[in-house]
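When reading the values below, keep in mind they use all heavy atoms of this one structure, side chains included, and skip hydrogens, waters and symmetry mates. Numbered from 1 within each chain, the chains take letters A, B, ... in sequence-line order.
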2 protein chains.
Amino acid sequence: MAPETGTRSNAVFDRLRADVLGGRLAPGSKLKLAMLGARYEVSLSVVREALSRLAEQGLVVAHPQRGFSVMALSPEDLTDLTNTRIDLETLAARRSVEHGDLAWETALVAAHHTLAGTSLMAGEGEVNEGWIDAHRAFHHALVAGCGSPRLQGLATGLRDAAELYRIWSTSLTHDTKRDVPAEHARLLELAIARDADGLVAALAAHIQGTTDMLLRYAAEAGL
Amino acid sequence: MAPETGTRSNAVFDRLRADVLGGRLAPGSKLKLAMLGARYEVSLSVVREALSRLAEQGLVVAHPQRGFSVMALSPEDLTDLTNTRIDLETLAARRSVEHGDLAWETALVAAHHTLAGTSLMAGEGEVNEGWIDAHRAFHHALVAGCGSPRLQGLATGLRDAAELYRIWSTSLTHDTKRDVPAEHARLLELAIARDADGLVAALAAHIQGTTDMLLRYAAEAGL
DNA sequence: ATGCAACATTATTTCGAAATTTCTTCCGTC
DNA sequence: GACGGAAGAAATTTCGAAATAATGTTGCAT
């Protein structure tokens, strides 16, 4: 999404972030500098800088003199995160409906078309990387018309943090009770119709639905 | 406020941040690594890391291969920042009123007492550093009862960003039309009385008031 | 005089090793 | 047998210099 190119630090920052978000670096696990340096084939310094930035973003935590570890997941944090996300994202969505112009509508329709045309699963219980990108792009487009770069940035950051919890859902991605594509279609419909209250309600339910599923899984797994 | 000790990086991060927020490093100005390395008497590496973290926080911007510069100030950003701040801070304040316990009330009363007992001006048009801290602590205490670490953290970050603009107000800190201490007293009163709507309105006006003054100054100064 | 290209200078970025701190293990003592 | 502590190992953090990219300057040709 944001492939800031140029320096090695940025490249490692992006890859590290993708690896954390993709679950290839387990939540709560300790991150050894040497290990990562070897993995990305760069010096320790750039790994360190990338980690510091990630820590500032909240995806990893820094223990002074004791290195870094991937942020630990907990039901409490997920609940807080979800509530905050609903607050910010619905607010931004409302503003989008109120202030969004034709360009916003167009981008939103396009993003939804891409999402609808991308399959969720890739192979054997593997989630399709492309779907994740398309999903993120759709939600991003939904709030992109709010007219506030600050609010938008905050919402994006929270959504990224929430992506971490997707790791919990690897096995039960197909929740029989939900029809996620239909929910997205409904969100698009309400946005185009400029039904602010309806959109806010639907979006809140959409976000909460995913979290409920995850919390159910966490409870079963005894977390 | 957050004197994370332990590593040199953290120390430089804190000092750098204080220097940016305190206006000793002019907004928009270029930050040369060697210059800062000499200033803080540390290696370039730690300066670099501290800057990267500050950039991730949004207080400075990173230009790949071209170093860093303090974030540039603009009336547009101030307006956006203020709106977002009002959205988040009033939301958090409302939650505090709804969910805050006795410990929250106590801390808030204490923070207000300290603020009320601290004079704004130090000497010749110099703002008292202690007052800034006390002011920050008061606003922090106001939203500390919201029960959401995430929301609280976001609100704090926005307030810090807004502090940058205080630089614009060096000359006209005593706005004849406002009685800031009275506003603070009123905020405390409404919070203790658990008047959520009243508190939200007063807080919004309080934040907006400062911004209006700054925007007026910016317009006069031709920014 | 103006545009352009090669060169020199400056600043950023990366590296690899030294210095510091924390973690582990092993030994002696109670 | 357990507790305390020191020596050793491992990892993080810092440094100073080398590599790399950007900027400024000079000289040449148009």
Side-chain angles (χ1 to χ4, degrees), chain A residues 1-21 24-72 164, chain B residues 1-20 24-72:
Chain A
M1 196 92 243
E4 299 181 42
T5 51
T7 72
R8 246 170 264 237
S9 253
N10 278 333
V12 171
F13 176 79
D14 288 336
R15 292 188 57 186
L16 204 36
R17 178 176 155 122
D19 282 348
V20 169
L21 254 38
R24 289 177 289 280
L25 295 169
S29 68
K30 200 161 179 322
L31 295 171
K32 294 208 189 67
L33 281 304
M35 183 192 200
L36 297 172
R39 181 198 263 249
Y40 303 122
E41 298 179 349
V42 291
S43 174
L44 288 291
S45 312
V46 326
V47 174
R48 185 179 168 68
E49 179 180 315
L51 282 171
S52 295
R53 290 172 54 189
L54 243 10
E56 212 60 35
Q57 257 207 13
L59 263 64
V60 314
V61 300
H63 303 90
Q65 313 293 53
R66 283 192 223 177
F68 302 81
S69 55
V70 181
M71 167 156 207
L164 253 180
Chain B
M1 197 90 247
E4 299 183 43
T5 53
T7 72
R8 245 171 265 237
S9 254
N10 278 334
V12 171
F13 176 79
D14 288 337
R15 292 189 58 186
L16 203 36
R17 179 179 155 122
D19 282 348
V20 168
R24 290 178 287 280
L25 294 169
S29 68
K30 201 163 178 322
L31 295 170
K32 293 210 189 66
L33 280 306
M35 183 193 200
L36 298 172
R39 180 199 263 249
Y40 302 123
E41 297 178 349
V42 290
S43 174
L44 288 284
S45 312
V46 328
V47 173
R48 183 177 171 69
E49 179 181 315
L51 283 171
S52 296
R53 289 172 55 188
L54 244 9
E56 212 60 34
Q57 256 207 12
L59 263 63
V60 315
V61 298
H63 304 90
Q65 308 307 41
R66 283 193 230 172
F68 301 81
S69 55
V70 182
M71 169 158 204

Side chain to side chain donor-acceptor pair (under 3.5 Å): pairs with one or both residues in residues 25-39 of chain A, sequence neighbours excluded
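Side chain to side chain donor-acceptor pair (under 3.5 Å) check on residues 25-39 of chain A returns A:Asp19-A:Arg39.
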Quick one: is C:dT14 close enough that its OP1 or OP2 comes under 4.0 Å of any side-chain N or O from A:Ser9?
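A:Ser9 to C:dT14 OP1/OP2: side-chain N or O found under 4.0 Å.
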On DNA chain D, compare the nucleotides closest to B:Glu41 and A:Gly67; which residue's is nearer the 5' end?
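Its nucleotide being nearer the 5' end, the pick is A:Gly67.
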Can you check side-chain contact (heavy atoms from CB on, under 4.5 Å) on B:Val42 and B:Leu36, steps first, answer last?
CA-CA 8 Å; B:Val42 290; B:Leu36 298 172; over 6 Å; no
Is the shortest side-chain heavy-atom distance between [X] and [Y] below 4.5 Å?
| X | Y | result |
| --- | --- | --- |
| B:Val61 | B:Phe68 | no |
| B:Val60 | B:Met71 | no |
| B:Leu33 | B:Leu51 | yes |

Which nucleotides of nucleotides 16-23 of chain C have their base under 4.0 Å from a protein heavy atom (B), which only their sugar-phosphate (S), and which neither (-), written as one string 5' to 3'?
B----SSS
In whole Å, I'd like the distance from the [atom1] atom of [X] to the [atom2] atom of [N].
| X | N | atom1 | atom2 | value |
| --- | --- | --- | --- | --- |
| B:Leu51 | C:dA11 | CG | C1' | 13 Å |
| B:Phe13 | D:dT13 | CZ | C1' | 17 Å |
| A:Glu49 | C:dC15 | CD | P | 12 Å |
| B:His63 | C:dT12 | NE2 | P | 12 Å |

Would you check if there is a donor-acceptor pair between the side chains of A:Asn10 and A:Arg15 at a distance under 3.5 Å?
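No, no side-chain donor-acceptor contact under 3.5 Å.
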From B:Arg48, B:Glu49, B:Glu56, residue fulfilling side-chain hydrogen bond (donor to acceptor under 3.5 Å, both in side chains) relative to A:Ser52:
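The single option meeting the side-chain hydrogen bond (donor to acceptor under 3.5 Å, both in side chains) with A:Ser52 is B:Glu49.
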Nucleic acid contacts of residues 28-38 of chain A, taken as heavy-atom distances under 4.0 Å to DNA chain D
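Only A:Lys30, A:Leu31, A:Lys32, A:Leu33 qualify.
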Is the number of heavy atoms from other residues, nucleotides or ligands under 6.0 Å of A:Arg24 CZ greater than 12?
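Yes - once you tally the heavy atoms of other residues, nucleotides and ligands closer than 6.0 Å, there are more than 12.
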When you measure from the side chain of B:Phe68, which nucleotide among D:dT13, C:dT13, D:dC15 comes out closest?
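Given the options D:dT13, C:dT13, D:dC15, the side chain of B:Phe68 is closest to C:dT13.
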